[in-house]
There are 2 protein chains.
Amino acid sequence: MTAHEPTRTGSQKTAIREENERLILRAAEDVFANYGYEGATTSRIARQAGIPKANLHYYFATKKDLYRRVIDNIFNIWLEAADSFDACDDPVEAITRYVDKKMDISRLNPKGSKVWANEIIQRAPIIQDYLETTLKAWTDSRAQVIQKWIDEGRISAINPHYLLYMIWATTQHYADFGHQIQTLNGNKDLSDEQYAQAKKDVTNIILRGIGAVH
Amino acid sequence: MTAHEPTRTGSQKTAIREENERLILRAAEDVFANYGYEGATTSRIARQAGIPKANLHYYFATKKDLYRRVIDNIFNIWLEAADSFDACDDPVEAITRYVDKKMDISRLNPKGSKVWANEIIQRAPIIQDYLETTLKAWTDSRAQVIQKWIDEGRISAINPHYLLYMIWATTQHYADFGHQIQTLNGNKDLSDEQYAQAKKDVTNIILRGIGAVH
DNA sequence: TTTTAAATTGACCAATTGGTCAAGAACAGG
DNA sequence: CCTGTTCTTGACCAATTGGTCAATTTAAAA
């Protein structure tokens, strides 16, 4: 709980608080993504949110608190996308949907993905508990689903974990390495058509690669 | 040129200088990878190299100089690996070799890969020129090779760039997200056997995915 | 209106940062 | 040996950092 959080019973937030937290979180995501955790300064986040630094610390006691909230957000977005994996039992459709959603997230929310990547690269100093609990549980459970597909002969025998890593790596690459992709694309962002094509190529390579389609 | 570099004609370095630069660069790679550019402190790098901070600044005038040298290293390592792409005209063999080498680098030199990833995530503030010159030239040239394979009907029609991104993303993931992989592997590093299997799965999925093997 | 709580803010602080400097130590060639 | 260069290092500095605080204003409740 934040030090300055109102002490009223219940956790209802004022409209002012709600709005300001939203502004701060949006600015924080941007600054953390572009400068890393240490490179991000609370005064820069405050400036970008359009408020004095002291006011930022009124809403978020420490930089770490703020950071954790930003990571929370992207992690929950991914978990929601992951539901598409469960929505159906057909490997082709499940993987197609999952890749589709993750590619969309990389396009619409690249900053969150970058903050996550940064955190993992630096060995998850803040959110190691997420990895060991929520992420591990989700991963192992979906690996079982994939293993079932293998046992049923619907896809070829590969290690389910390495398939998941491949999907994560490829889809998140379009967010995390978006700047490199943009540069190699003649300093232009991928157009809607290009992005759609990338999505199609990625999906096809994976589906054919695991023998789900021929 | 470094401010304190000896002014003698020719660029021959003392043995002492050679050795100390090596020590510092090794420590710098580690610290930059684990803390990011801003999070890394010159005093920490110096401590890890076993020398006083003032001595570090005798060899490398600024933190930025040091950082650029570290990035230079990993970039050259990758460029060498990329030669395997040219060594042979068969798509199966070329891609197999390239993936193999890149996976090896991810295992043997994960820190360099992490520093690079960090730099790209933060929009390449220091090494943008590399992306626009060397990397762009290399990429476009190899995309042509891949396009030729497509035209000859040896692999299916996909966008060569998106295939390259997929290879980069997947192989580098084993370095950049190594900590996540380790956590999901029960907090144990991938064994030699596991890593070999991952390499095999990655290679097979890609080769089958682009219709190079059946 | 009065009263109480929430929100705002400039001024401030201790700690840390990248980098400097001057004085000396070690080393090389003659 | 001597002489000039390379190397080493503790002490130091201006700038920046995350975070605090007390004083004030705004909003909500009674």
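Labels below follow one simple rule: chain letters A, B, ... track the order of the sequence lines, proteins then strands, and each chain is numbered from 1.
A donor-acceptor pair under 3.5 Å is formed between the side chain of A:Tyr195 and the backbone N or O of A:Met103. Listed for the B:Asp65 side chain is no donor-acceptor partner under 3.5 Å among the backbone atoms of B:Phe60.
Residues B:Ala94 and B:Phe85 come closest through the heavy atom pair CB-O, 3.9 Å.
Using a cutoff of 4.0 Å between basic side-chain nitrogens and carboxylate oxygens, B:Asp129 and B:Lys136 are not scored as salt-bridged. A salt bridge between A:Asp176 and B:Lys114 is absent, with no side-chain N of the basic residue lying under 4.0 Å from a carboxylate O of the acidic one.
Between C:dA6 and A:Arg17, no contact under 4.0 Å exists linking OP1 or OP2 to a side-chain N or O.
Across residues 23-37 of chain B, not one residue has a non-hydrogen atom less than 4.0 Å from an atom of DNA chain C.
Between B:Trp138 and B:Tyr98, the ring planes are tilted. Angles from 30° to 60° get that label. Ring orientation note: the planes of B:Tyr165 and B:His161 are tilted relative to one another, at an angle of 30° to 60°.
Rounding to whole angstrom units, CD of residue B:Glu19 and P of D:dC7 are separated by 13 Å. Taking atom NE2 of B:His57 as the reference point, atom P of C:dG18 lies 7 Å away to the nearest angstrom. In this structure, B:Ile45 places its CD1 atom 13 Å from C1' of C:dG19, rounding to the nearest Å. Counting to the nearest Å, the C1' atom of C:dG18 and the CG atom of B:Asp65 are 13 Å from each other.
B:Tyr37 carries B:Lys63 over the face of its six-membered ring, with the cationic atom under 6.0 Å from the centre and within 45° of the normal.
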Given protein heavy atoms under 4.0 Å, the one-letter contact record of nucleotides 8-17 of chain C, with B base, S sugar-phosphate only and - none, is simply BBB------S
